[in-house]
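Read the numbers this way: they start at 1 and go in the same order the structure lists the ligands and their atoms.
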Amino acid sequence: MHSTWTEVVSIIAHDLKTPISSVKGYIELMQVAGELNERQQQFSERALHSLQQMEQLVARLLELSWIDADRPLQRDDCHLAELVARSAELVAELARRRDVTIHLEIEPEVSVVPAESRRIEQVILNLMSNAIKYNRQGGDVWVSVKNKPDGIEVSVRDTGIGIAPEDQPHIFERFYRASVHSGEEIEGTGLGLSIVKAVVEKHHGEVSVESVVGEGTTFRFWLPRVAE
Ligand SMILES: Nc1ncnc2c1ncn2[C@@H]1O[C@H](COP(=O)(O)OP(=O)(O)OP(=O)(O)O)[C@@H](O)[C@H]1O
Ligand SMILES: [Mg+2]
């Protein structure tokens, strides 16, 4: 049987899910079983944290292999306003930990676009989690959804560290991470924005960025109202 690399990656990534969640389950059982001393508790927390990073990487690999397999989109009625509201709930805990406030600015009567909602939700989640991760403690994030003549635009604006002009042309490349994160090491695989761009362009939409170092960043994407 002949397999392409995307099939191999997708099979391995799927197969990794089971052992990862098994190890995670056993560590959690060990914690609730009790009698761990302080050091053991600390080690098990670190192990869980690493497993969470592995899960994130596996999820990213599955998204990448889906992009490279170039399968046709499975379009549905994509309710961008609903996806934004749901994504805001999913990132609420991350925002709380960084004391970041999320503001939703959703125009009334935003219509639907023909798109694969599951993928568009990943796009919104990627942009919102970046806006929180690369924000300052106590910062803000504004997410807006607006009707445009030919489609719908979503923008995600933050009060974060910003992106240097020399980094801006590269941030949508796979594995690219800007070097300066204000001394703080922020975790990531450098794949999120490459997935954002690929998914939006597969829908014949557009994505753009504007940023001022030390002030903040705005990402916008637009999806057409009519499927090509
Ligand atoms: N809102 C933002 N503000 C400042 N810098 C950003 C922002 N979003 C992205 N960046 C920069 O662009 C880089 C690429 O972003 P991308 O989302 O692709 O990767 P990541 O966040 O590092 O990892 P992950 O794959 O987990 O998303 C980041 O490492 C960061 O340097
Ligand atoms: Mg990211």
Side-chain angles (χ1 to χ4, degrees), residues 9-10 13 16-17 20 48-68 83-84 87-88 90-95 97-105 118-144 153-202 205-221:
V9 168
S10 150
L16 278 171
K17 279 185 172 180
I20 291 173
L48 281 179
H49 183 78
S50 299
L51 285 164
Q52 202 187 330
Q53 285 177 296
M54 266 201 235
E55 276 181 330
Q56 169 84 351
L57 189 56
V58 164
R60 287 277 188 259
L61 287 175
L62 284 172
E63 288 167 24
L64 274 191
S65 67
W66 175 80
I67 287 161
D68 288 355
L83 291 185
V84 163
S87 302
L90 290 175
V91 297
E93 173 57 24
L94 181 66
R97 260 186 276 143
R98 296 190 66 97
D99 194 22
V100 166
T101 310
I102 300 173
H103 312 263
L104 301 187
E105 303 170 319
R118 194 159 76 91
R119 308 289 170 191
I120 302 303
E121 182 167 359
Q122 290 304 321
V123 167
I124 297 168
L125 277 173
N126 274 322
L127 294 178
M128 284 178 80
S129 62
N130 279 350
I132 298 166
K133 274 202 306 186
Y134 302 106
N135 217 315
R136 54 179 167 76
Q137 197 75 20
D140 293 275
V141 174
W142 290 270
V143 188
S144 77
E153 184 188 83
V154 177
S155 78
V156 181
R157 178 160 67 94
D158 66 56
T159 51
I161 58 176
I163 305 169
E166 60 270 26
D167 285 320
Q168 288 181 24
H170 303 291
I171 51 172
F172 293 101
E173 293 166 9
R174 286 183 183 179
F175 299 109
Y176 188 88
R177 306 200 70 211
S179 48
V180 184
H181 290 147
S182 63
E184 193 188 354
E185 197 39 65
I186 303 170
E187 281 167 8
T189 58
L191 288 170
L193 286 176
S194 72
I195 292 165
V196 165
K197 187 172 156 74
V199 169
V200 170
E201 290 184 350
K202 213 167 148 59
E206 279 165 25
V207 52
S208 63
V209 60
E210 268 173 62
S211 185
V212 178
V213 172
E215 287 185 16
T217 305
T218 305
F219 281 94
R220 287 193 182 80
F221 75 88

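- Near Gln56, the atoms of ligand 1 lying under 4.0 angstrom from a non-hydrogen atom of the residue are 26 (O).
- Counting heavy atoms from C-beta outward, Phe172 and Val209 have side chains that approach closer than 4.5 Å.
- Considering backbone and side-chain atoms alike, Ser194 places every N or O at 3.5 Å or more from each N or O of ligand 1.
- Using a 4.0 Å cut-off between heavy atoms, Ile163 contacts ligand 1 through its side chain alone, with no backbone atom that close.
- Note on the Mg ion (ligand 2): protein N/O/S atoms under 2.8 Å are Asn130 OD1.
- For Glu187, no heavy-atom contact with ligand 1 is shorter than 4.0 Å.
- Residue contacts with ligand 1, taken as heavy atom pairs separated by less than 4.0 Å, involve Thr217 solely via side-chain atoms from C-beta onward.
- Here the shortest heavy-atom pairing between Gly162 and Thr217 reads CA-OG1, 3.4 Å.
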Cut-off 3.5 Å, no hydrogens considered: what does the side-chain donor-acceptor table look like for residues 186-193, sequence neighbours left out?
| residue | atom | partner | partner atom | Å |
| --- | --- | --- | --- | --- |
| Glu187 | OE1 | His49 | NE2 | 3.2 |
| Glu187 | OE2 | His49 | NE2 | 2.9 |
| Thr189 | OG1 | Leu191 | N | 3.4 |

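- Heavy atoms of Phe172 stay at 4.0 angstrom or farther from ligand 1.
- When side chains are defined from C-beta on, Lys202 counts as touching Trp66, because their heavy atoms get closer than 4.5 Å.
- Neither the backbone nor the side chain of Asn135 comes within 4.0 Å of ligand 1, counting heavy atoms alone.
- Among residues at least two apart or in separate chains, salt bridge (charged side-chain N to carboxylate O under 4.0 Å, His left out) pairs with a member in residues 153-165 are Glu153-Arg220.
- Close contacts between ligand 1 and Leu191 involve ligand atoms 18 (O), 19 (O), 25 (O) [criterion: under 4.0 Å to a heavy atom].
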Evaluate the criterion side chain to side chain contact (heavy atoms under 4.5 Å, CB included) for residue pair Tyr176 and Asp167; output intermediate values, then yes/no. CA-CA 9 Å; Tyr176 188 88; Asp167 285 320; 2.5 Å; yes
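- Shown here are the salt bridge (Lys or Arg N to Asp or Glu O under 4.0 Å) partners of Asp68, two or more places apart in sequence or in another chain: Arg174.
- The minimum heavy-atom distance linking Ser194 with Leu64 is given by the pair OG-CD2, 4.5 Å.
- In the vicinity of Lys133, heavy-atom distances shorter than 4.0 Å reach the ligand 1 atoms 20 (P), 21 (O), 23 (O), 26 (O).
- Among Asn130, Val209, Ile186, Leu125, the residue whose heavy atom lies closest to atom 8 (N) of ligand 1 is Asn130.
- Residue contacts with ligand 1, taken as heavy atom pairs separated by less than 4.0 Å, involve Tyr176 solely via the backbone atoms N, CA, C and O.
- Here Glu121 does not pair with Arg118 in a salt bridge; the nearest charged N to carboxylate O distance is not below 4.0 Å.
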